[in-house]
Amino acid sequence: MSVIAISDVLAGKFPVDKEISVHGWIRTRRDSKAGISFLAIHDGSCFDAIQAIAPNNLDNYQDEVLKLTAGAAVKVTGTLVESPGQGQSFEIQATQVEVLGLVDDPDTYPMAAKRHSIEFLREHAHLRPRTNIGGAVTRVRNSLAQAVHRFLHEKGYMWISTPLITGSDCEGAGEMFRVSTLDMENLPKTDKGDIDYAEDFFGKETFLTVSGQLNVETYCCALSKVYTFGPTFRAENSNTSRHLAEFWMVEPEIAFADLADAATLAEEMLKYVFKALLEERADDMAFFQQRVDKTVIDRLNAVINKDFVRMDYTDAIEILQNCGKTFENPVSWGVDLNSEHERYLAEEHVGGPVVLQNYPKDIKSFYMRLNDDGKTVAAMDILAPGIGEIIGGSQREERLDVLDKRMGEMDLDPADYSWYRDLRRYGTVPHSGFGLGFERLVAYATGMQNVRDVIPFPRTPNNAAY
RNA sequence: UCCCCUGUAGCUCAGCUGGUUAGAGCGGUGGACUGUUAAUCCAUGUGUCGUCUGUUCAAAUCAGACCAGGGGAGCCA
C-alpha cells in the first residue's frame with residue numbers, strides 16, 4: 001500500500017469524510033475524560049503534526065493507546081474531518097490505532113517533549129531529526145540542495161561527479177585524510193626505510209579530496225558549464241562553529257568567463273535558492289524566525305532583493321583604515337583580512353552580502369589569474385553578515401607561462417600538476433569558478449549558529465560517532 | 001593548535017568563602033479535570049556531583065593532571 005504524507009493531508013489534498021491512514025511518530029498524547037485521547041503525529045513530511053482523535057472504545061485503548069508516549073510509532077486509520085478545535089484545519093477521527101513500536105523507557109527517551117539544548121541534540125544525532133528543529137533543518141537543507149541543482153540545471157550546467165579519493169597530494173587547500181589499506185601495525189618499508197606506498201591499494205599515496213575544483217576544471221574545458229556538488233574533507237584541527245572535517249561544497253566552473261561572470265552566477269544562485277526556500281518551506285522558516293533568529297526571513301528577502309555590493313580588496317583596506325574603528329589586527333595593504341574585518345564590511349559598512357575581489361597575489365592560491373597590475377589576482381570572496389565567508393572563487397590562470405611562474409614562486413613542482421597544466425597546453429581558455437560551502441549556506445538560511453547542527457552527522461576533531 | 005568558560009537527577013540548572021540524610025523546574029510515572037493544543041492542578045526525586053590524584057579530621061565545594069562540551073582566534077567553505 002502507498003503511504004500518505006501528513007503534509008498532503010494537512011494541505012487539503014484528501015477529501016474530508018473519507019477514510020485515510022497515516023503513519024508516523026507520536027509527538028504528544030493528551031487524554032480527555034470526555035473519553036478521547038488526542039495524538040499529535042508527525043512523519044517528517046512537514047513541520048506540523050496531524051492530530052488524531054482516539055476514542056476510548058477502541059479495542060486497544062486501555063492496553064496500548066494510553067501507553068503511547070513521545071517517540072512511539074503508529075499507524076492511524078480513520079475518517080478525515082475538519083477540526084472543530086483551534087490550531088489545526090484537519091484531524092483524523094481514528095477507528096484504528098495500530099502501535100508499531102512503543103518507547104520502552106519513556107523516562108529516559110532522550111527526545112522527550114520538552115526543550116533541549118542544541119548541544120544535547122547534537123550528541124544524539126540519531127534521534128535529532130525527530131525534533132522540530134532537526135526536522136526543519138533537514139527539510140530546509142533538502143530544499144536548498146534541490147534548488148542548487150535545479151538552478152544550475154536550468155542554466156545549462158552539467159553536474160560532474162568528481163572523485164572523492166585523489167592521487168594528488170597537492171590540491172592546496174588544507175591538510176588531507178589519508179586513504180590506505182596498508183596494515184598500520186606492520187607497514188611495508190622500502191630499502192631506504194620509508195613507507196612503501198607502492199604496496200598500497202592504489203600503488204601510491206592517496207587521500208580524500210579537499211576540493212573537486214582541479215578535477216572539474218578538466219570537464220569545464222570540454223563541456224563549458226559544469227559543477228560539482230559533493231562531500232569534501234579537510235583534516236584541519238579546526239574547532240569553530242563554521243568548520244567541519246567533512247562538508248559539502250558546490251563548485252561551479254564556467255568556461256569563457258571572467259571573475260565578474262563567476263560573481264554574477266554566485267549572486268544569481270544565492271537569490272534563486274533563497275527564493276525557492278521561502279516558497280517551499282514557509283512552515284519551517286516561520287519556525288526558525290520564531291525560535292532561532294527573529295531576522296532570518298527579512299535577511300533572506302534582503303539578499304533576494306538587493307544587488308550585491310562589489311568591492312576591490314584595495315578599496316576595502318582603505319575603508320577599514322578610515323572607518324574610525326580600532327581592530328585587534330591592524331590593517332594594511334597586503335594583509336589577509338581577519339574575521340573582525342570581514343564582519344565589519346559585511347555587517348556594518350554594507351549591511352548585506354559583499355563581493356570582495358582582486359586580492360594581493362601573495363595571500364591567494366597559485367591557480368588564480370594574475371591581474372594586469374602584477375600585484376593582485378582575480379579572486380573573490382562573498383561575505384555574508386553573521387557567518388563570514390560563504391563563497392570563495394576566482395578566475396583561473398589560463399596562461400601556462402604565468403601559471404608556471406606562480407607555481408615556482410610558491411615552491412610547487414609543475415610535475416605534480418601535469419594534467420592540470422595540460423589544460424593550458426591544449427586549447428586553453430579563460431575560465432572561472434567558485435566554491436560554496438553548503439553547510440554555511442544552510443546555517444545562513446536558517447539562522448542556526450553552528451554548521452554542526454545543519455549536517456546530519458557532523459565530523460569534527462575527536463568526533464566521528466555514529 | 002591558542003585564549004576564555006563550563007561539566008551536579010532523563011533534560012535545563014541552583015548549591016561551591018569545605019562540615020549532618022545534595023535541591024528546583026521540565027520530562028517520566030500515578031491521580032484529578034478538560035475538544036485538548038509541549039493544556040491545567042495534585043502527588044512522586046537513592047544521583048559514580050566528568051575522571052584520576054592530592055590537600056584535609058572532613059571535598060560536589062580547594063589544588064593539579066586528564067577527558068568532554070561551549071564561545072572566541074587561526075586555517076578556510
Side-chain angles (χ1 to χ4, degrees), chain A residues 26-40 42 48-55 66-67 69-71 81 83-88 91 93 103-124 127 131-132 172-175 210-213 229 231-251 266 291 328-329 336-340 342-343 363-365 381-384 387-393 434-444 449-453 455 460-463 465:
Chain A
I26 299 291
R27 187 91 72 196
T28 59
R29 189 196 88 229
R30 291 179 293 277
D31 304 320
S32 167
K33 274 298 177 289
I36 53 178
S37 288
F38 299 93
L39 306 176
H42 70 99
D48 287 317
I50 194 166
Q51 176 161 281
I53 314 304
L66 288 182
K67 290 199 171 65
T69 56
V81 298
S83 176
Q86 302 287 309
Q88 62 277 320
E91 63 185 29
Q93 286 286 347
V103 170
D104 63 24
D105 183 9
D107 187 34
T108 56
Y109 177 59
M111 299 298 123
K114 59 158 288 175
R115 278 191 107 133
H116 291 99
S117 68
I118 205 79
E119 293 82 15
F120 175 77
L121 297 180
R122 198 179 297 157
E123 285 167 15
H124 295 76
L127 300 173
T131 62
N132 281 334
E175 291 296 310
V210 296
S211 163
Q213 183 202 313
F229 187 178
T232 48
F233 309 86
R234 305 231 173 135
E236 301 284 353
N237 191 8
S238 294
N239 294 289
T240 81
S241 56
R242 283 157 280 123
H243 292 86
L244 294 163
E246 176 181 292
F247 66 100
W248 286 63
M249 191 150 61
V250 184
E251 295 177 281
R291 294 286 290 276
E328 274 187 45
N329 301 286
D336 210 352
L337 297 182
N338 290 18
S339 287
E340 54 175 343
E342 296 182 345
R343 193 168 287 156
I363 58 173
K364 289 293 181 181
S365 299
D381 285 345
I382 298 185
L383 311 177
I387 194 142
E389 186 180 341
I390 194 168
I391 282 176
F434 62 85
L436 164 68
F438 188 62
E439 283 72 26
R440 290 184 182 178
L441 180 76
V442 179
Y444 184 74
Q449 302 273 308
N450 195 317
V451 291
R452 298 173 192 196
D453 300 317
I455 188 169
T460 52
N462 282 316
N463 194 346

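Proteins come first, then strands; the chains are lettered A, B, ... in the order of their sequence lines, and each starts at number 1. All values below come from the heavy atoms of this structure, side chains included, with hydrogens, waters and symmetry mates left out. Predicted model, so just to flag it, every value in this text is computed and none were measured.
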Tell me which nucleotide, if any, is Watson-Crick or G-U wobble paired with [N] when both distances must be under 3.5 Å.
N	value
B/rG7	B/rC67
B/rA43	B/rU29
B/rC62	B/rG54
B/rC2	B/rG72
B/rA24	B/rU12

Phosphate OP1/OP2 of [N]: any [X] side-chain N/O under 4.0 Å:
X	N	result
A/Ser117	B/rU12	yes
A/Thr28	B/rA38	no
A/Arg29	B/rU36	no
A/Asn450	B/rG71	yes
A/Arg452	B/rG70	yes
A/Ser238	B/rU1	no
A/Asn338	B/rG74	yes
A/Ser339	B/rG74	yes

Could you tell me whether [X] contacts a base, only the sugar-phosphate backbone, or nothing, with contacts defined as non-hydrogen atoms closer than 4.0 Å?
X	result
A/Glu439	nothing
A/Ala34	sugar-phosphate
A/Glu251	nothing
A/Arg242	base
A/Thr69	sugar-phosphate
A/Leu244	base

I want to verify a distance call: between [options], whose nearest atom is closest to the [X] side chain?
X	options	result
A/Phe38	B/rG74, B/rG35, B/rA38	B/rG35
A/Glu236	B/rA77, B/rA38, B/rC75	B/rC75
A/Asn239	B/rG70, B/rA77, B/rU1	B/rU1
A/Pro106	B/rA73, B/rC76, B/rU29	B/rU29
A/Glu123	B/rG35, B/rG69, B/rA39	B/rG69
A/Arg291	B/rG70, B/rC76, B/rA38	B/rA38
A/Asn237	B/rU1, B/rG35, B/rC75	B/rU1
A/Lys114	B/rC11, B/rA68, B/rC76	B/rC11

Side chain A/Gln88 and base B/rU36 donor-acceptor under 3.5 Å: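 For A/Gln88, whose side chain was compared with the base of B/rU36, there is a donor-acceptor pair (under 3.5 Å).
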
hbond_proxy A/His243 side chain to B/rC76 base (donor-acceptor, 3.5 Å cutoff):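 For A/His243, whose side chain was compared with the base of B/rC76, there is a donor-acceptor pair (under 3.5 Å).
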
Taking the side chain as C-beta and beyond, is there a heavy-atom pair between [X] and [Y] under 4.5 Å?
X	Y	result
A/Asn450	A/Ile118	no
A/Arg440	A/Met249	no
A/Val210	A/Thr232	no

Short side-chain to backbone donor-acceptor contact, A/Glu251 and A/Gly435, under 3.5 Å: no

Euclidean distance for P, B/rC42 against B/rC62 (whole angstrom):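 Between the two P atoms, the distance is 36 Å.
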
Side chain to side chain donor-acceptor pair (under 3.5 Å) pairs, two or more places apart, involving residues 109-123 of chain A: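 Passing the test, one end in residues 109-123 of chain A: A/Tyr109-A/Arg130, A/Arg122-A/Asp453.
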
Residue pair A/Gln88 / A/Asp48, side-chain donor-acceptor N/O under 3.5 Å: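 Looking only at side-chain atoms, A/Asp48 and A/Gln88 do not form any donor-acceptor pair under 3.5 Å.
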
